[in-house]
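Remember, it's 1-based here, ligands and their atoms both numbered in the order they're listed.
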Amino acid sequence: MALVISYLTPDGPRYGLVDEGIVFEWEGDLLVDRQYNPGHAVGTPESVTLLPPVRPSKIVCIGRNYAAHAAEHNAAVPDEPIIFLKPPSALIGPQVAIEFAHSVGRVDHEAELAVIIGKQAHKVSRESALDYVIGYTCANDVSARDLQKKDGQWARAKGFDTFCPLGPYVNTDLNPADLGIRCTVNGQLRQDSRTSMLVFDVPALIAFISQVMTLLPGDLILTGTPEGVSQLFDGDVVRVEIEGIGTLENPVKVVS
Ligand code: ZN
């Protein structure tokens, strides 16, 4: 098992291993290697510039996948997963600002468990689905709620630059079935649930999505958000915390 991060070096992005709060150099690539042999100590995670851990070809998201979240929008629980896409250009790393114009209207946080695909998945079975996962990380499916309602489809509301904070930690050996997931804003608890409350669990999602589109190494599945979503304001600090993975923190900047 390993906790992997991506961080910036003078030579560009590279992967590192984190052990007991220290980052170690790693010669490997998250999507290629399965040997986690640490090199020299680099420093603490706070001392390096952390990056989103993957560059996906697509970010597949799931709507209304916690019953209590569907209920807070007066929406029914779907009988099949509702899938939509966020553009990879929306990705940002930890500590980078979620930025949007005042005119966008209401913008909410959505704490989500993100699944990272490790090998090409085409029409895979539920039973074999987890074999295609390389790890799990934290995501925030930032959503412009007014535009989501107005447009009827979600590409604009979910697709702004900076609307997909991701990372920093990837746990490569985690059972996703029952993990605590929380979101705080300025230290106040807003979302607090468990992945055991997912309507469609991780194997079911991979099986379902891969019937539609081939998942490639590095692709992400954002598994949906629990109840407690709330509006973000200028100067807020939003944190997504998932048991066994870690914390993703981003400030919020509203521009005129
Ligand atoms: Zn979402």
Side-chain angles (χ1 to χ4, degrees), residues 52 54 56 58-78 80-92 98 100 104-117 136-167 176 179-185 190-202 204-206 208-209 212-213 215 219-232 236 238-242 245 247-250 252:
V54 285
K58 52 192 169 295
I59 305 168
V60 186
C61 303
I62 313 300
R64 297 183 210 155
N65 203 23
Y66 289 81
H69 171 62
E72 72 184 347
H73 287 308
N74 298 314
V77 172
E80 286 186 314
I82 297 173
I83 66 176
F84 62 96
L85 296 168
K86 274 171 108 75
S89 48
L91 282 173
I92 55 172
I98 299 163
F100 53 91
V104 165
R106 177 173 170 158
V107 173
D108 288 359
H109 57 83
E110 292 191 355
E112 307 203 5
L113 173 71
V115 179
I116 302 176
I117 297 297
Y136 300 89
T137 190
C138 299
N140 191 341
D141 175 22
V142 180
S143 303
R145 208 61 80 195
D146 294 337
L147 297 182
Q148 191 178 1
K149 286 190 192 113
K150 180 180 177 189
D151 289 358
Q153 55 84 32
W154 302 351
R156 178 164 67 146
K158 302 275 192 175
F160 283 93
D161 289 354
T162 76
F163 273 25
C164 195
L166 186 80
L179 304 172
I181 178 166
R182 291 151 50 98
C183 183
T184 67
V185 178
R190 300 286 173 86
Q191 295 183 276
D192 188 7
S193 187
R194 302 195 68 81
T195 57
S196 53
M197 304 299 286
L198 286 168
V199 176
F200 302 100
D201 64 10
V202 171
L205 293 174
I206 295 168
F208 183 85
I209 296 164
V212 179
M213 60 186 83
L215 293 166
D219 282 356
L220 295 168
I221 300 171
L222 271 53
T223 53
T225 202
E227 71 279 16
V229 299
S230 69
Q231 186 172 4
L232 294 170
D236 282 349
V238 56
R239 298 180 79 174
V240 175
E241 304 171 10
I242 302 178
I245 300 175
T247 299
L248 167 67
E249 180 179 292
N250 296 87
V252 177

* **Pair Asp219 + Lys58, salt bridge at N-O below 4.0 Å** =>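 Salt bridge flag = yes for Lys58 with Asp219.
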* To do: State the count of protein N/O/S atoms located less than 2.8 Å away from the Zn ion (ligand 1).
  =>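 Number of qualifying protein atoms: 3.
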* Let me know which of Thr137, Leu222, Val240 forms a side chain to side chain contact (heavy atoms under 4.5 Å, CB included) with Glu112. =>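 Single side chain to side chain contact (heavy atoms under 4.5 Å, CB included) partner of Glu112 among Thr137, Leu222, Val240: Leu222.
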* Sequence-distant partners of Lys86, salt bridge (charged side-chain N to carboxylate O under 4.0 Å, His left out), two or more places apart ->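 Lys86 satisfies salt bridge (charged side-chain N to carboxylate O under 4.0 Å, His left out) with Asp141 only.
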* To do: Identify, with sequence neighbours excluded, every residue that meets side chain to side chain donor-acceptor pair (under 3.5 Å) alongside His69.
  =>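 Result, side chain to side chain donor-acceptor pair (under 3.5 Å) vs His69: Glu72.
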* To do: Taking ring pair (Phe, Tyr, Trp, His ring centres under 6.0 Å) as the test, write out the residues that go with Phe84, two or more places apart.
  =>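 Listed in chain order: Trp154.
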* Take Ile83 and Ile62, measure what side chain to side chain contact (heavy atoms under 4.5 Å, CB included) needs, and give me the verdict at the end. => CA-CA 5 Å; Ile83 66 176; Ile62 313 300; 3.7 Å; yes
